[in-house]
Amino acid sequence: MAARIHPSILSADFVNLERELARIAGADAVHVDVMDAHFVPNLTLGLPVVRRIAEVSPVPLDVHLMVEDADRWAPQYAEAGAASVTFHAEATQAPVRLARELRAGGVRAAVALRPATPVEPFLDLLDELDMVLVMTVEPGFGGQAFIEGTLAKVRRVAAAVRAARLPTWVQVDGGVTAQTIGRIAAAGADTFVAGSAVYGSDDPGARIDELRAAARPTLRA
Ligand code: DX5
Ligand code: ZN
């Protein structure tokens, strides 16, 4: 199985989103970072923009909500045209209820964990989730350095998914580059968000292929 590469439009030119989306047509999905200036100290885009992105994107939308009160907001992103909606564990009162609501709305449901948030409370609930996002930087900004200590959590999630024989994807977000992706894949991640690594390249399509190739030798079968 090839590694899934999800470029983050956080590092794209926000004034030319349609053109920027066309540059990553070879990706598996586009990662859309929604920030509310409360859950994280940054503000990006919201529902109206996500609706338009869904209309013009050549690839499915992987929406990463970095917003407070996920129970209220996440279902609206499912309706906005996302293929997958990721809410933060720290921003929901009822993760299983929310995941079920998202699935009932026809989208993949995912939970995200900040670097200091343990995955253990979710390990018995993995069949309620289509993806677990292990944040490998503190959410809020692109271009930060990968936090090595998060690899142990990636290993624990991947081991639990394997042990339960579930189809749950293991995603990482933050500091993913051609230099770091090999060892993240070796830890068991299969889905990789890359913002600056893709959009910082003159040829995003070639960089996507390069990242996929760099992940492949160590990716589990
Ligand atoms: C950060 C966002 C990431 C960001 C990653 O809070 O969730 O998706 O775009 O950027 P890079 O790949 O540059 O670390
Ligand atoms: Zn993200």
Side-chain angles (χ1 to χ4, degrees), residues 1 3-4 6 8 31 33-36 38-41 62-75 77-78 82 84-104 107-141 144-176 180-194 215 218-221:
M1 185 192 65
R4 284 176 285 266
H6 295 190
S8 165
H31 184 83
D33 287 301
V34 175
M35 304 186 189
D36 67 352
H38 291 275
F39 183 75
V40 288
D62 160 28
V63 172
H64 177 193
L65 295 178
M66 284 158 279
V67 302
E68 287 180 356
D69 201 359
D71 303 290
R72 173 182 172 199
W73 291 108
Y77 285 87
S84 167
V85 176
T86 302
F87 55 86
H88 265 266
E90 309 84 4
T92 173
Q93 299 291 320
V96 174
R97 184 177 64 205
L98 181 54
R100 288 183 174 182
E101 189 177 345
L102 291 171
R103 282 177 161 181
V107 301
R108 295 174 59 83
V111 69
L113 309 164
R114 298 184 84 128
T117 301
V119 69
E120 279 65 29
F122 292 93
L123 291 183
D124 293 331
L125 302 170
L126 292 174
D127 64 337
E128 301 281 350
L129 298 161
D130 297 297
M131 184 169 79
V132 175
L133 166 53
V134 177
M135 288 304 301
T136 43
V137 298
E138 284 290 357
F141 302 93
Q144 302 179 73
F146 178 73
I147 301 171
E148 293 289 337
T150 59
L151 277 179
K153 187 165 22 178
V154 173
R155 280 189 207 100
R156 291 198 298 278
V157 183
V161 166
R162 256 196 318 269
R165 299 181 186 279
L166 289 166
T168 318
W169 296 358
V170 182
Q171 186 179 53
V172 289
D173 182 6
V176 174
T180 58
I181 197 168
R183 57 184 192 280
I184 308 173
D190 48 46
T191 308
F192 302 85
V193 177
T218 46
L219 199 70
R220 65 192 160 90

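- A donor-acceptor pair is defined here as one N or O able to donate and one able to accept, closer than 3.5 Å; such a pair exists between the side chain of D36 and the backbone of E68.
- The number of heavy-atom neighbours closer than 6.0 Å to CD of Q93, taken from other residues, nucleotides and ligands shown, is 12 or below.
- One distance of note links NZ of K153 with CG of L151; it measures 11.5 Å at 0.5 Å rounding.
- Using a 4.5 Å cut-off on side-chain heavy atoms (C-beta onward), V137 and F146 make no contact.
- The shortest non-hydrogen separation linking F141 to P41 is CZ-O, 3.4 Å.
- By the 4.5 Å heavy-atom criterion applied to side chains, L65 and V85 are counted as neighbours.
- The two atoms that bring F87 and P95 nearest to each other are CZ-O, 3.6 Å, heavy atoms only.
- Considering only heavy atoms from C-beta on, V119 stays 4.5 Å or farther from V134 through its side chain.
- Nearest approach of A89 to L113, heavy atoms of both residues: CB-CD2, 3.7 Å.
- Between A78 and L102, the shortest heavy-atom contact is CB-CD2, 4.1 Å.
- Contact of the E101 side chain with the D71 side chain is not registered, since no non-hydrogen atoms from C-beta on lie closer than 4.5 Å.
- With sequence neighbours excluded, the residues that form a ring pair (Phe, Tyr, Trp, His ring centres under 6.0 Å) with H31 are H64.
- The OG1 atom of T150 lies 9.5 Å from the CZ atom of R155; values are rounded to the nearest 0.5 Å.
- In this structure, the separation between CG on L98 and CD on E128 is 11.5 Å, given to the nearest 0.5 Å.
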- Query: Do T191 and R4 pass the side-chain hydrogen bond (donor to acceptor under 3.5 Å, both in side chains) test, and can you show the C-alpha distance, the side-chain angles, and the key distance before you say yes or no?
  - Reply: CA-CA 5 Å; T191 308; R4 284 176 285 266; 3.0 Å; yes

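- Only one option out of V172, T180, V193 pairs with T136 in a side chain to side chain contact (heavy atoms under 4.5 Å, CB included); it is V172.
- A donor-acceptor pair is defined here as one N or O able to donate and one able to accept, closer than 3.5 Å; no such pair exists between the side chain of D173 and the backbone of M135.
- Of the possible polar contacts, one joining the D190 side chain to the V170 backbone as a donor-acceptor pair under 3.5 Å is found.
- Of the residues listed (D33, T86, V34), the one engaging M66 in a side chain to side chain contact (heavy atoms under 4.5 Å, CB included) is D33, and it is the only one.
- Here the closest non-hydrogen pair linking A3 and A215 is CB-CB, 3.6 Å.
- Side-chain contact between R103 and R100 is absent, with no heavy-atom pair separated by less than 4.5 Å.
- For the atom pair CD1 (I184) and CD (E148), the distance works out to 8.0 Å, reported to the nearest 0.5 Å.
- A side-chain donor-acceptor contact under 3.5 Å links E90 to the backbone of R114.
- Closest approach of P115 to P139, counting heavy atoms only: CD-CD, 4.2 Å.
- In this structure, the ring pair (Phe, Tyr, Trp, His ring centres under 6.0 Å) partners of F39, at least two apart in sequence or on a different chain, are H88.
- Once rounded to the nearest 0.5 Å, the distance linking CG of L125 with CG of L123 reads 8.5 Å.
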